[in-house]
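Numbered from 1 within each chain, the chains take letters A, B, ... in sequence-line order. These figures come from a predicted structure and were not determined experimentally.
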Number of protein chains: 2
Amino acid sequence: MARRSDHSREELQEMALTAAETLLDEQGGAALSTRKVAAAIGYSVGALYLIFKNLDDLCWQINARTLRGLMNALDQQVDAPTPRARLKGYASAYLSYAQQWSHRWALLFDHSASEGDEAPEWLQATIAELFTRIEADLAELHPEETPEDITLAARTLWSSVHGITQLKLRDKLFFGGESAAQQMTDSLIDRYLDGWTPSDASVGGVTK
Amino acid sequence: MARRSDHSREELQEMALTAAETLLDEQGGAALSTRKVAAAIGYSVGALYLIFKNLDDLCWQINARTLRGLMNALDQQVDAPTPRARLKGYASAYLSYAQQWSHRWALLFDHSASEGDEAPEWLQATIAELFTRIEADLAELHPEETPEDITLAARTLWSSVHGITQLKLRDKLFFGGESAAQQMTDSLIDRYLDGWTPSDASVGGVTK
DNA sequence: AACTTAACTGAACAGTGTTCATTAACTGTT
DNA sequence: AACAGTTAATGAACACTGTTCAGTTAAGTT
């Protein structure tokens, strides 16, 4: 039996999360089980339930760390000279982060699908922070637009980057080499921004 | 014991798939289990394994039907007068199909993530068919582009529509009402097409 | 040393996918 | 009509899963 207070609550939690991430990275999300995580840190199954509400809770905490890592990666792009370059940098960082941590990234999105309880509000907040970055750059390019239109544009553009990332990771729908996805986000951003003329935004009707 | 040949192989398969789809629609992907499907059609678990290789196989066959349904929905948009209207119609149909059959749609994409065996080649083929439709419209708009650039553009644009769809289904990252996602795909297509000038495509370098 | 408290365990429960020896029902032959 | 052959169908069994909780054990307190 593990000695009481061999490790503090925080240490134990950290150990468990790290072990779970290793398991995830090496064997994928399907291999993530309470018993395996418990074994990896040298505790019994029951002990995990003193630290985490359940497996879902553990997954959410992994997702929190994943998301934080993503934000860090994005932050390194903040020095790019122009809004356009910054947006491309974000997209590129997003893409490579997702590829580097493919299993963690998959967990982040597959897990939100499990319809038990809501996504915790910190997740919402972190994502809002990401969108704020995008919106800032878009607003700089289009100061004449209303905040609502900027928001809509940010979500449109970023959903698109997300879609490219997701399909890139999942399969061989993609021909071409390593750079295909990168090329796609670049051209997407270029064309979207070039096609964004003030006239067509505010109404929303089909005018073409 | 169910009488031998009460139902033919094909009938049984059809019954099982229909039962599984009902289960999926009503209770979501997590509730899909071999025992439940077997019970729903009045057979034992083992009988399912005479019809399907395993649960994965059953899921793939559901996915095949889902994809076929999607293609049907897209086909109803083929009469739109212009390529641009056709592309918007496809996107709109894609979006509403995914929303109507949200659980089936989720299965289609979550399942490709399970990294057992490859996605069957018919799936690849059906998806290729979808992309061919998009490419045809894009080629009509940009006859001067090479096939490679058309392909790249089709995948870029469609990954984007896919991304918007996915995020729309998953959560409340989306403000606004029912029409927000529709508005997003419309403006995406408009801006992407408007920003697509022949000069910036063939090289692929960063020129902006 | 005795008592209290809380950390920790692991057996147990209900569920999962999958297999396979056994059984039941049909088919064809004598 | 009786027997053998074939095969559809079963359901118990195995190894796993998440989750709970009565018990056990160690640490802190009096």
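If you take CD of B:E11 and C1' of D:dA8, they are 14 Å apart, rounded to a whole angstrom. Atom CE in A:M15 sits roughly 10 Å away from atom P in C:dC8 (whole-Å rounding). Atom OH in B:Y49 sits about 4 Å away from atom P in C:dT18, given to the nearest Å. Rounded to an integer number of Å, the gap from B:L50 CG to C:dC20 P is 13 Å. In this entry the distance linking CZ of A:F52 with C1' of D:dG18 reads 15 Å, nearest Å. In this structure, the CD atom of A:Q27 is 11 Å from the P atom of D:dT17, given to the nearest Å. Across the protein-nucleic acid pair, B:L32 atom CG and C:dT18 atom P stand 12 Å apart, rounded to whole Å. Protein atom CG of B:D56 is 12 Å distant from nucleotide atom P of C:dT19, rounded to whole Å.
Side chains of A:P83 and A:L138 form no contact here, defined as non-hydrogen atoms less than 4.5 Å apart. Between B:L167 and A:F109, some side-chain heavy-atom pair lies under the 4.5 Å cut-off.
A donor-acceptor contact under 3.5 angstrom links the side chains of A:T18 and A:E14, judged on distance only.
Contact annotation: side chain of A:R35 to base of D:dG18, donor-acceptor pair present below 3.5 Å.
Distances shown here put a side-chain N or O of A:Y43 below 4.0 Å from the OP1 or OP2 atom of C:dC8. The side chain of B:S44 contributes no N or O atom lying less than 4.0 Å from OP1 or OP2 of D:dG11.
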- [ ] Start with the C-alpha gap between B:R86 and B:D79, add the side-chain angles, then the distance that decides, and say whether salt bridge (charged side-chain N to carboxylate O under 4.0 Å, His left out) holds.
- [x] CA-CA 8 Å; B:R86 229 151 30 229; B:D79 295 329; over 6 Å; no

TODO: Verify side chain to side chain contact (heavy atoms under 4.5 Å, CB included) between A:D137 and A:Y90, making sure each step is shown before the conclusion.
DONE: CA-CA 11 Å; A:D137 287 319; A:Y90 290 155; 3.4 Å; yes

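At the heavy-atom level, A:I51 lies nowhere under 4.0 Å from the strands shown. Among the atoms of the strands shown, only primed sugar atoms or phosphate atoms (P, OP1, OP2) are found under 4.0 Å from some heavy atom of B:S33. Using a 4.0 Å heavy-atom cutoff across all strands shown, A:L48 reaches no nucleic acid atom at all. Looking at heavy-atom distances under 4.0 Å, B:L58 makes no contact with the nucleic acid at all.
When each of B:R9 and B:V45 is assigned the nucleotide of DNA chain D with its nearest heavy atom, B:R9 is the one assigned upstream, toward the 5' end.
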